[in-house]
Amino acid sequence: AQGVYSSLAKTYDPKFSLIGSRQFFDGKLGVLASVNYEDRHLYNNKSLTTGWVRKVDLNKDGVLDWTPDIPRPDIERRETTRLAYNTIVQWRPNERMEFYVEGNYAQGHEVVDNMLLQLSASSGVVDVSKTTLAATPDAIGAYTVDHVELVSDATHAMQLQYRNIDGTLTRTQWDAAVGGKWNATDRLEIDARYAYSAGKVRNMEKDTQAGILAVPRAIIDYANSQLTPNMSFTDAAGHPLDVTTGALVDRLDATFTPVTDTASESDVKLDGEYHPDSPVRTAVKCGCEGHDTRTVRCFWSRVTSLASGG
């Protein structure tokens, strides 16, 4: 058993494992069983830029410079609980025969709560007078902005989206196998095995997006130790905009697409090996195998949209 403390999630992640085995009837029957449990919190806070574009020559040197495409802060939170059982039973009635049965079952349940704020910065107009470049160009002579201000006009509108992805993801899997080995003679050995496995994944995540269709001015600053986008927004008069409320939202879209994936697989195998009394051939092997795999996906989708009349 162990526990790990996450300072970001501010909680402990426990993990527990128990395994045991025993033999019976003078070693002819053996049993092994185990159980595993864990609860994990995966938290990830990051600020990044998805893509860069070259559309403006900011320092008038004849080379288009790099401006951000979609800057966004991203908070990812996932809590996963997993429980698994494993069992193996082996029977050896004599030195020539061996049979076994094994089975495994596992279920994982994941709770998702992700939030991000993304800006379509490449749709805005660069305010050259308030934009600065990094000191060093790249191999083709293009500079990258370290502070950029963009504005929206009648033909170039930046969209700011608050996106929330939440829901659950459940995975269930089990498999079983039965087989045996028989040394029919000192020269002939036969192996047989049949295995079956099945799995199911149910995704119940919802994707909600609230959009401000034309942000008057966006200020993106990369002049920090981590070179990540630090964003702020103002109205046309230069007053700060509070994007933590819903007062400025023009459009709201909610998408719910539950998906259920199921899969099954079966395999049967029979092998034989014969060791002839010959200096030329030491062994002759033959066998056959059958395999069957099936997958099914079921889903439906519902989208709800609300738009401002103004």
Interatomic spacing from CG in Leu227 to OG in Ser47 - rounded to 0.5 Å: 11.0 Å
Greater than 12 external heavy atoms within 6.0 Å of Lys10's NZ: no
Pairs where residues 141-169 contributes a residue and the test salt bridge (charged side-chain N to carboxylate O under 4.0 Å, His left out) is met, not counting sequence neighbours: Glu149-Arg217, Arg163-Asp207
Over 12 foreign heavy atoms within 6.0 Å of CH2, Trp52: yes
Polar side chain donor-acceptor pair, Ser120 to Gln159, under 3.5 angstrom: no
His291 and Glu289: side chain donor to acceptor below 3.5 Å: no
Any donor-acceptor N or O pair under 3.5 Å, side chains Arg92, Tyr100: no
Heavy atoms of other groups near Arg193 CZ, more than 12 under 6.0 Å: yes
The single option from Asp261, Thr260, Thr168 passing side chain to side chain donor-acceptor pair (under 3.5 Å) against Arg202: Thr260
Trp174 and Tyr85 aromatic centres sub-6.0 Å: no
Between Tyr37 and Phe16, ring centroids under 6.0 Å: no
Modelled atom types, side-chain donor and acceptor of Asp221 and Asn230, under 3.5 Å: no
Between Asp191 and Trp182: side-chain donor-acceptor atoms closer than 3.5 Å: no
From CG (Asp74) to CD (Gln118), nearest 0.5 Å: 9.0 Å
Main-chain N/O of Thr228 paired to Asn224 side chain as donor or acceptor, under 3.5 Å: yes
Pairwise distance OG(Ser301) to CZ(Phe256) - rounded to 0.5 angstrom: 9.5 Å
Distance-only donor-acceptor check, side chains His156 and Ser123, under 3.5 Å: no
Whether over 12 other heavy atoms sit under 6.0 Å from Tyr194 OH: yes
Whether Asp113 side chain and Arg77 backbone form a donor-acceptor pair below 3.5 Å: no
